[in-house]
Amino acid sequence: MTFKEEIVAGITDNLPAPKPYDPTVNHAPKRKEILAENEKELALRNALRYFKPKHHATLLPEFKEELEKFGRIYMYRFMPEHKIYARPIDQYPGKCEQAKAIMLMIQNNLDHAVAQHPHELITYGGNGAVFQNWAQYRLVMQYLSEMTEEQTLVMYSGHPLGLFPSHKDAPRVVVTNGMMIPNYSQPDDWEKFNALGVTQYGQMTAGSYMYIGPQGIVHGTTITVLNGFRKIKKSPKGGLFVTSGLGGMSGAQPKAGNIAGCVTVCGEVNKKATHTRHSQGWVDEVISDVRLLAKRVSQAVENKETVSIAYDGNIVDVWEHFAEEDIKIDLGSDQTSLHNPWAGGYYPAGMSYEEANDMMANNPSLFKEKVQESLRRHTAAINKHTAKGTYFFDYGNAFLLEASRAGADILSEEKNREFKYPSYVQDIMGPMCFDYGFGPFRWVCASGNTEDLAKTDAIATKVLEDLMKNSPEEIKQQMADNIQWIKGAQENKLVVGSQARILYADAEGRIKIAAAFNKAISEGKLGSVILGRDHHDVSGTDSPYRETSNIYDGSRFTADMAIHNVIGDSFRGATWVSIHNGGGVGWGEVINGGFGMVLDGSKDAQRRLESMLFWDVNNGIARRSWARNNEAVFAIKRAMENNPSLKVTLPNFVDDSLF
């Protein structure tokens with residue numbers, strides 16, 4: 001069958017041939033065995049319901065073997081024959097341009113050059129899934145190929161419930177992932193219900209079809225590193241940034257360090273991940289001996305080089321050895337997937353990657369002990385460096401949270417048993433960006449043409465430069481950083497997968513950039529553009545240890561904002577919307593919402609972008625201003641001045657002397 005024929009066919013009446021297991025692909029680790037015997041039978045019944053009864057006798061032993069061998073039923077037999085990548089939009093079958101755009105984004109998330117574990121449908125973070133199995137992929141693509149502008153596809157944790165009648169201004173797709181009853185939202189609940197095939201972990205942009213490769217976090221990390229060095233009043237030149245994790249999104253760290261201009265060391269235990277990032281040019285050098293690493297880093301710092309080095313081993317060894325050698329670390333963080341600590345998100349020091357994977361699957365209780373022991377060592381080494389002046393911050397991966405649960409020396413008596421170290425949102429991104437409405441606005445050129453991406457870069461740069469001329473002093477640094485970023489984006493070869501770009505902009509910037517794109521499309525100068533954002537933003541995510549960690553009125557553990565955000569986006573013109581339990585800091589720790597929006601040059605697209613993008617940012621600023629964040633009060637007052645229809649309840653401040 002051709003590509004289009006295979007998409008339209010969905011699950012065919014005849015079974016495809018079994019697929020051999022490909023050991024050259026980076027596979028997800030085996031998940032822990034958690035189902036009772038009767039639950040295993042239920043998982044198999046759940047999987048077989050996708051297929052006609054005449055196939056059950058053939059598929060049952062196959063799915064049973066997958067469940068026993070991998071801890072999940074992935075249905076490898078049903079992997080498509082076509083290569084998965086973001087094709088130009090006109091190559092997709094369908095009746096609706098918006099549906100074709102969503103197919104493009106789904107395939108980008110599962111592109112082998114983009115996805116962390118592509119055969120297990122996992123995009124990043126160790127467990128951030130687009131779908132639970134390949135039957136779901138086939139059905140979803142088939143539904144999208146049939147969809148009209150009068151239908152909405154409803155997605156239930158990877159499973160397509162079906163196409164429902166709606167209207168042209170309704171979202172084409174509504175996505176939920178992992179929306180559990182609160183009492184069933186512990187890590188083992190994910191293991192159990194995911195193994196049963198009834199829920200999944202969508203991460204932030206994996207299960208919402210909006211991942212654009214590491215570029216998304218390269219930008220955020222670049223802004224964080226630049227502002228981190230500003231915070232310690234030191235130039236990045238000759239500065240040392242130490243972190244860890246090269247799989248999935250965290251592969252962005254060395255590239256961000258290079259853009260910022262410092263020396264970056266990034267530890268990674270998975271040799272395949274290290275090889276991938278090195279071959280893609282995201283990291284400059286690979287060193288396997290910690291003593292050679294120390295010599296190379298000392299030389300690079302002395303020469304004020306801009307260089308990124310992957311340490312082929314455990315990051316705990318780096319922190320400990322650098323403490324022994326008295327190597328000064330200026331900025332320190334961690335980007336292992338500690339939202340998923342017991343299933344491959346964090347590997348304990350003192351054992352090989354292979355040994356750890358074996359223990360994870362076959363002795364999970366001992367593996368948990370080893371992880372927590374390693375976290376205590378990790379924290380102790382960090383504490384030695386911070387005592388000498390290192391600025392350490394949690395990069396939103398739940399490092400501080402899991403270290404505290406492991407009994408590490410991470411709590412401060414002076415801070416009323418709060419963490420010793422801040423989240424990067426508390427110190428940097430919250431007050432400097434989110435409270436002012438600046439967050440990760442992104443777009444994909446649906447034509448797949450590099451020329452279109454260059455045109456959008458030029459359009460966005462011009463819009464930002466014009467806005468900066470009259471912007472308040474409070475936000476000029478954010479504007480300048482993003483103009484610098486977008487001008488250098490192409491030379492840094494940030495595209496992996498789709499022709500995508502990201503920058504930080506406020507509501508005014510996002511609306512004006514989108515409107516300029518839509519105008520260029522209407523004039524035939526540009527192909528259609530797909531807008532979106534990382535859920536890690538001003539308003540889409542309630543996460544007490546990350547996105548909302550600088551909310552101090554006691555409400556950071558509430559999730560109203562994320563729900564408001566996705567409901568509001570739904571009726572203001574988003575092409576698709578998503579709401580997830582999970583995300584970067586873990587299952588049960590965060591609720592996050594996102595959107596996608598297709599610009600086709602029409603008046604309808606202009607109307608939708610003006611309405612939806614204004615809400616998508618300002619509902620978050622309103623919540624942040626109510627928490628008495630001064631920067632957010634400034635931003636929402638400015639928004640009300642610019643739009644008389646906006647009337648937000650403002651807080652009254654209480655004189656401290658009264659207490």
Side-chain angles (χ1 to χ4, degrees), residues 1-16 47 49-52 55 75 77-111 121 129-177 200 202 207-210 444 446-448 498 527-528 530 532 570 573-578 595-600 602 604-605 608:
M1 285 190 285
T2 66
F3 166 68
K4 287 186 177 181
E5 287 170 343
E6 191 173 11
I7 291 294
V8 171
I11 298 174
T12 57
D13 191 52
N14 297 318
L15 291 180
R49 61 185 160 178
Y50 286 99
F51 310 99
K52 293 182 177 178
H55 298 309
M75 307 182 187
R77 176 195 286 261
F78 294 93
M79 286 191 293
E81 297 299 325
H82 58 258
K83 185 178 179 182
I84 297 182
Y85 66 97
R87 292 164 168 77
I89 193 167
D90 59 8
Q91 293 185 21
Y92 290 92
K95 304 171 183 176
C96 167
E97 190 84 353
Q98 293 178 331
K100 293 179 184 180
I102 297 167
M103 285 193 271
L104 183 160
M105 297 301 292
I106 286 172
Q107 290 208 311
N108 186 66
N109 270 23
L110 293 171
D111 183 340
L121 303 115
V130 185
F131 304 109
Q132 297 176 55
N133 57 58
W134 287 102
Q136 291 176 347
Y137 168 84
R138 285 177 175 264
L139 276 177
V140 167
M141 298 297 276
Q142 181 186 38
Y143 277 133
L144 290 170
S145 74
E146 299 170 355
M147 175 186 283
T148 71
E149 290 188 350
E150 302 291 328
Q151 291 174 304
T152 293
L153 174 62
V154 178
M155 295 298 302
Y156 165 40
S157 278
H159 170 68
L161 279 178
L163 288 171
F164 290 79
S166 59
H167 55 85
K168 72 171 187 175
D169 279 336
R172 297 281 68 79
V173 181
V174 175
V175 180
T176 61
N177 281 300
Q200 74 173 10
S208 56
Y209 326 141
M210 192 42 71
V444 173
S447 67
S498 60
S528 57
I530 305 161
S570 297
T575 305
W576 73 97
V577 291
S578 58
F595 78 88
M597 174 175 274
V598 178
L599 301 182
D600 58 8
S602 66
D604 278 342
R608 291 168 185 154

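Contact check for W576 versus M105: side-chain heavy atoms found under the 4.5 Å cut-off. Side chains of L153 and P160 form a contact here, defined as non-hydrogen atoms less than 4.5 Å apart. R608 is not listed as a side-chain neighbour of T575, based on a closest heavy-atom distance of 4.5 Å or more. Using a 4.5 Å heavy-atom cutoff, the side chains of I7 and L144 are not in contact. T152 is listed as a side-chain neighbour of R172, based on a closest heavy-atom distance under 4.5 Å.
To the nearest 0.5 angstrom, Y209 atom OH is 9.0 Å from N109 atom CG. Atom CD of Q98 is separated from atom CD1 of I530 by 10.5 Å, given to the nearest 0.5 angstrom. Rounding to the nearest 0.5 Å gives a distance of 14.0 Å between CG of D111 and CD1 of I106. If you take CD1 on I11 and CE on M75, they are separated by 7.5 Å, rounding to the nearest 0.5 Å. Here the CZ-CG distance, from R77 to N133, works out to 14.0 Å after rounding to the nearest 0.5 Å. The distance from the CZ atom of F595 to the OG atom of S570 is 11.5 Å, given to the nearest 0.5 Å.
Taking each heavy atom of A9 and M1 in turn, the nearest pair found is CB-SD, 4.2 Å. K4 and P93 get closest at one heavy-atom pair: CG-CD, 3.9 Å. Residues A101 and V598 approach most closely at CB-CG2, 3.5 Å, considering heavy atoms. Contact between K100 and G94 at its shortest, heavy atoms only, is CE-O, 3.6 Å. Nearest heavy-atom pair, G158 versus N177, reported as atom, atom and distance to 0.1 Å: N-OD1, 3.8 Å.
Side chains of D600 and S602: a donor on one and an acceptor on the other come within 3.5 Å. Counted by atom type alone, Q107 and Y137 present one or more donor-acceptor pairs between their side chains at under 3.5 Å.
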inquiry  = Using side chain to side chain contact (heavy atoms under 4.5 Å, CB included), reason through V444 and N108 one step at a time and then give a plain yes or no.
reply    = CA-CA 10 Å; V444 173; N108 186 66; over 6 Å; no

request  = Begin with the C-alpha distance, continue with both residues' side-chain angles, and end with the deciding distance and a verdict on side chain to side chain contact (heavy atoms under 4.5 Å, CB included) for R87 and Y85.
outcome  = CA-CA 6 Å; R87 292 164 168 77; Y85 66 97; 3.6 Å; yes

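A donor-acceptor pair under 3.5 Å is formed between the side chain of Q200 and the backbone N or O of Q132. With hydrogens and angles ignored, the 3.5 Å screen pairs a side-chain donor or acceptor of Q151 with a backbone N or O of T148. Looking only at distances, a side-chain donor or acceptor of H55 sits under 3.5 Å from a matching main-chain atom of D13. Distance alone, capped at 3.5 Å, is enough to place a donor-acceptor pair between the E6 side chain and the E81 backbone.
A cation-pi contact, defined as under 6.0 Å to the ring centre and within 45° of the axis, is absent between R49 and F51. Annotation: cation-pi geometry not satisfied between R138 and F78 (NZ/CZ under 6.0 angstrom from ring centroid, within 45° of ring axis).
Ring orientation note: the planes of Y92 and F3 are nearly perpendicular, at an angle over 60° on the 30°/60° scale.
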